[in-house]
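In this chain, residues are counted from 1 in sequence order. Nothing here was measured: the structure is a model prediction, and the numbers come from that model.
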Amino acid sequence: MYIILDNATINTLETQTCAALVFKETTETRILTIADGTVNELSDSVGDTEAADGDGAGLAAKKCSLTINGQGTLKVYGVGDDASGIKAKYDLTVIDATVIVAATKNGIKAGETISIHDATITVTAGNDGIKTDVEPETDEEALAYAADKTAGYIYIKNSTITVTAGDDGIAANTCLYIDNDADRVITVTTNGGAPTTVTERSSDSADGKALKAAGITLETKDDDGNVTSETDYPATFDENYAIVITGGTFVLNSNDDAIHSAGNVLISGGTFTIASGDDGIKAEYLTQITGGDITVTKSYEGVEGARVEITGGTLNVTATDDGINAANSDLTNYNFDLYIAGGTITVNCSGDGLDSNGKLVIAGGTVYVFGPQNAGNSALDSDGGTTIQGGTVIATCASAMDAVGTTGYMVVANVNLSAGTTVTLKSSDGTEIVSFTAPKTAGNLIISTPALTSGTYTLTYGSNSTTVTAVTGRSGGMGGMGGQPGGMGGQQPGGMGGQPGGMGGQPGGMGGMGGQRR
């Protein structure tokens, strides 16, 4: 069954407690076609609320999946006290259409999956913008959903999306998979965006993530339907990716984390501009960046994961605390590692620059760390040893850094840098090895690059010049060189094969239109 809207306007009367358009007595997938070139409007009434015998939405598929297609425009308004814009019981698929949603509660919500192809969507919502909402009734159901990569996922392919939300922007349960071309822009603003100044206090009270895969939540309710307790089941745990982004352009301005995964995150492409009131990119387990152009203009911590692996791309991070951090206080006996083997990375932070609760290994790439201006933190910091195995590393901070080891050569010097000072390192024959401009004051620096060999060099900074000696081995007193973080080494988590396990390039079982599951 399908319905075609051709310049239609359907507004529910204030005395009616129902959606403007509702698919009510069927469990089969329904198709809503928006005629090419037309503008159509659906709106519920102020009396349509979840508490009433209505649908709490402008457009509702109460017992079935829904596909919206066509090359026209659909405007949907959910104006009731608890009304969403569009709700589907199972799967929601949007193909080609332009959809504009404004709702007092959630903008677009589906009970199982959302798939968006070649569409343009604009959502303004009092709560979440676009979300899947899997609702298990038992512990067994919750565990099964959490382990199922196709339950509660959102798949976006070559679509332009703008979300302004009071809470989360785009929120999936188990997997958020975005595969956009570069000219497709996803813009998300949550809870007013990042505060003017990000501090530890402001980040602790942050609310509203831009892109999120949060796992499954089992709610316990009393006889009146009030939630008395919640139990969270992490999305796909630590074996699979919960967020995958392969391309597109992203403008994320979030009060809380900009990208947050209860499982793993993989970013292999795309251009990102991120302002966050808490973390820029965060995974509870693995954060993996293999490509893309990522700029975090504002954050408490720029990039975080229990394990962080960066093998490609360009990353510019500004943070009021740690720049890139391998940590998770909720995990014990875990292999915390920060591993960099490629890409161009620039960190400007007030806390530790590169920080690992385990090993910190730099094996390649170009890394600039302009670290803290207080002696309590360091540009390079680790609990399990820091080793430079390759690439070019330039790091500055207020005072002497934690011990650093290198398998090649490095220069370590106490300096008096002011903001804007140009630093140049030249060999004895006058060949320039490295030159950079310090963005802020510093008292200590490390330079390591494959161009360094045994011998002395001239270090010039501003009007000062000094002779330094390239050394190998370890600076400072920390024992043990360390090695590459176990199990990382540029490879994907077990069983992944370069894309989300079982996804096959796009969410399994969708086939462009989507089916439904019970």
Side-chain angles (χ1 to χ4, degrees), residues 1-3 5 10 12 17-33 42 44 48-69 74 76-78 80 82-95 97 99 101 103-117 119 121 123 125 127-138 141-142 144-146 148-155 170-176 214 216-219 221 225 227 507-518:
M1 176 183 173
Y2 63 89
I3 293 175
L5 295 182
I10 305 174
T12 305
T17 56
C18 64
L21 179 58
V22 57
F23 297 92
K24 194 171 184 179
E25 299 299 334
T26 180
T27 58
E28 297 181 1
T29 299
R30 292 304 186 224
I31 299 173
L32 178 63
T33 298
L42 305 176
D44 73 333
D48 181 20
T49 67
E50 291 280 15
D53 186 22
D55 303 289
L59 169 61
K62 289 196 69 175
K63 298 180 180 180
C64 62
S65 298
L66 174 64
T67 294
I68 301 171
N69 62 16
L74 175 64
V76 182
Y77 302 101
D82 293 309
S84 297
I86 300 173
K87 291 173 64 176
K89 176 68 173 178
Y90 297 112
D91 302 326
L92 175 67
T93 302
V94 182
I95 303 173
V99 179
V101 176
T104 57
K105 194 175 180 182
N106 302 308
I108 297 174
K109 185 174 84 167
E112 292 199 352
T113 73
I114 296 174
S115 185
I116 302 170
H117 304 253
I121 295 178
V123 174
N127 287 9
D128 299 331
I130 300 172
K131 69 179 298 187
T132 52
D133 192 18
V134 175
E135 298 180 340
E137 296 182 356
T138 64
E141 280 190 1
Y145 278 129
D148 181 358
K149 294 175 287 295
T150 65
Y153 66 65
I154 297 175
Y155 176 59
I170 303 176
N173 291 107
T174 56
C175 185
L176 171 60
I216 303 296
T217 299
L218 175 63
E219 295 181 345
K221 300 181 181 180
V227 177
M510 292 297 291
M513 295 289 287
Q516 64 191 43
R517 288 166 301 284
R518 300 292 189 274

What's the spacing between [X] [atom1] and [Y] [atom2] if we round to 0.5 Å?
X	Y	atom1	atom2	value
Phe23	Ile31	CZ	CD1	9.5 Å
Glu28	Lys63	CD	NZ	13.0 Å
Glu112	Glu135	CD	CD	11.0 Å
Ile216	Thr174	CD1	OG1	6.0 Å
Ile95	Ile68	CD1	CD1	10.5 Å

Side chains of [X] and [Y]: does their closest heavy-atom pair fall under 4.5 Å?
X	Y	value
Val76	Ile108	no
Thr67	Leu32	no
Ser115	Leu92	no
Leu66	Thr93	no
Ile86	Val99	yes
Cys64	Arg30	yes
Asp44	Leu59	no

Point to revise | Val134 and Thr217: CA distance, side-chain angles, deciding distance, side-chain contact (heavy atoms from CB on, under 4.5 Å) verdict | key: CA-CA 8 Å; Val134 175; Thr217 299; over 6 Å; no

Point to revise | Partners passing side chain to side chain donor-acceptor pair (under 3.5 Å) against Thr33 (at least two apart in sequence or in another chain) | key: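 Listed in chain order: Asn69.
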
Exercise for review: Dump the intermediate steps for salt bridge (charged side-chain N to carboxylate O under 4.0 Å, His left out) on Asp133 and Lys109, then the final yes or no.
Suggested key: CA-CA 7 Å; Asp133 192 18; Lys109 185 174 84 167; 3.7 Å; yes

Which atom names give the shortest non-hydrogen contact between [X] and [Y], and what distance separates them?
X	Y	answer
Ala110	Tyr90	CB-O, 3.5 Å
Lys62	Lys89	O-CB, 3.3 Å
Ala57	Gly85	CB-O, 3.8 Å
Glu137	Glu141	N-OE1, 2.9 Å
Ala172	Gly152	CB-O, 3.6 Å
Gly107	Ala125	N-CB, 3.5 Å

What pairs with [X] under side chain to side chain contact (heavy atoms under 4.5 Å, CB included), at least two apart in sequence or on another chain?
X	answer
Ala103	none
Thr104	Ala83
Ala119	Val94, Ile116, Ile121, Ser159

Kindly say whether [Y] contributes a backbone atom to a donor-acceptor pair with the side chain of [X] at under 3.5 angstrom?
X	Y	result
Asn127	Asn106	no
Thr12	Ala20	yes
Thr132	Asn173	yes

